[in-house]
Amino acid sequence: MHGLGNDFMVVDNRFQNILFTVSLIKKLSHRNLGVGFDQLLLVEKVTTCNVDFLYRIFNSNGSEVEQCGNGARCLAYFLLIKNITKKKIIRLKTLTRNIEVSFLKSNLIQVNMGFPLFNTEDIPCLKKNVVENCYSVIFENTNIIFSVVSLGNPHCVIICKNIEKIDIVRIGNFLQTYSIFPKGVNVSFVEVINFYEIKLRVYERGVNKETRACGSGACASVVILISKRLLSNEKKIKVNLPGGFLYVKWKGKNNYIYMIGLATHVYDGIFFLKK
Ligand SMILES: N[C@@H](CCC[C@H](N)C(=O)O)C(=O)O
């Protein structure tokens with residue numbers, strides 16, 4: 001499946017109980033030798049009463065992570081087309097938060113991504129009471145200014161012009177090792193088109209390259225830009241990514257953030273685990 005080209009292998013692991021080790025995930029995610037994907041998404045049973053399913057997310061390097069916005073839309077669509085649930089609002093539990101997915105008209109799917117957070121263990125830098133959530137670091141004689149936010153997973157947002165011209169992999173790789181991101185970080189390069197629309201490219205942690213879309217990266221970018229009053233908090237924001245566009249809505253501090261977009265099923269498959 002994919003969400004605007006951010007692609008996934010989705011497995012109903014409620015009864016199969018397959019142990020996905022790091023080495024197995026790396027093998028399966030390989031685009032020549034395996035299935036090939038940015039992330040592996042698992043549906044698992046959950047005991048928590050106010051949640052419908054456990055939603056586990058693994059990057060292609062085998063790291064388990066806390067959030068995947070595009071993946072949440074695809075997982076909900078998977079549950080619907082496989083008749084696993086008939087619910088129109090599906091509550092998912094990830095490593096660090098509960099999110100809610102609902103089906104809208106014209107095949108659009110909305111994800112309540114929860115609250116954006118500014119002071120968590122994955123972005124501890126903010127504990128040093130930095131004013132205005134603005135940081136800078138020198139990279140190859142260039143001063144990179146960025147802001148940070150967590151959507152359950154860590155994000156760094158860099159506001160720039162002509163994002164097509166930027167070597168985002170070099171900068172993204174450098175920031176993974178930067179001391180203020182102990183768990184690595186997803187890096188968004190965002191260009192404001194107008195008060196209601198942006199252009200975005202994302203270097204994804206754990207995939208270690210640019211993906212065609214990143215839902216949590218879109219949410220992180222909108223949060224930072226609204227916080228800096230560069231975008232409207234009254235209407236949905238159109239986020240243009242290499243793989244297509246998403247809408248993001250956020251009314252500001254102490255409000256949930258919502259992401260709306262499509263989900264696509266590509267094919268079903270079976271893989272045989274060698275004993
Ligand atoms: N593509 C996802 C994000 C997946 C996880 C991310 N790479 C991380 O390591 O936090 C999305 O659509 O949000």
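Remember, it's 1-based here, ligands and their atoms both numbered in the order they're listed. Throughout, numbering of the chain's residues begins at 1 and tracks the sequence. Values in this document were obtained by computation on a predicted structure and should not be read as measured data.
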Check ion pair [X]-[Y] (N to O, under 4.0 angstrom):
{"X": "Glu64", "Y": "Arg56", "value": "yes"}
{"X": "Glu66", "Y": "Arg97", "value": "no"}
{"X": "Lys45", "Y": "Asp52", "value": "no"}

(request) Ignoring hydrogens and angles, state whether a donor on the side chain of Glu197 or Asn240 is under 3.5 Å from an acceptor on the partner side chain. (result)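 The criterion, which ignores hydrogens and geometry beyond distance, is satisfied for Asn240 and Glu197.
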
(message) Under a 3.5 Å threshold, yes or no: a donor from one side chain and an acceptor from the other, between Asn173 and Arg170?
(response)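 Not at all, the side chains of Asn173 and Arg170 share no donor-acceptor pair under 3.5 Å.
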
(message) Just to be sure I understand the cut-off, which residues have at least one non-hydrogen atom under 4.0 angstrom from an atom of ligand 1?
(response)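 Those residues closer than 4.0 Å to ligand 1 by some heavy atom are Asn6, Gln39, Asn59, Val65, Gln67, Cys68, Gly69, Asn70, Asn153, Asn186, Glu204, Arg205, Cys214, Gly215, Ser216.
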
(message) Between Asn162 (side chain only) and Glu164 (backbone N and O only), is there a donor and an acceptor less than 3.5 Å apart?
(response)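 Looks like no, no N/O pair under 3.5 Å.
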
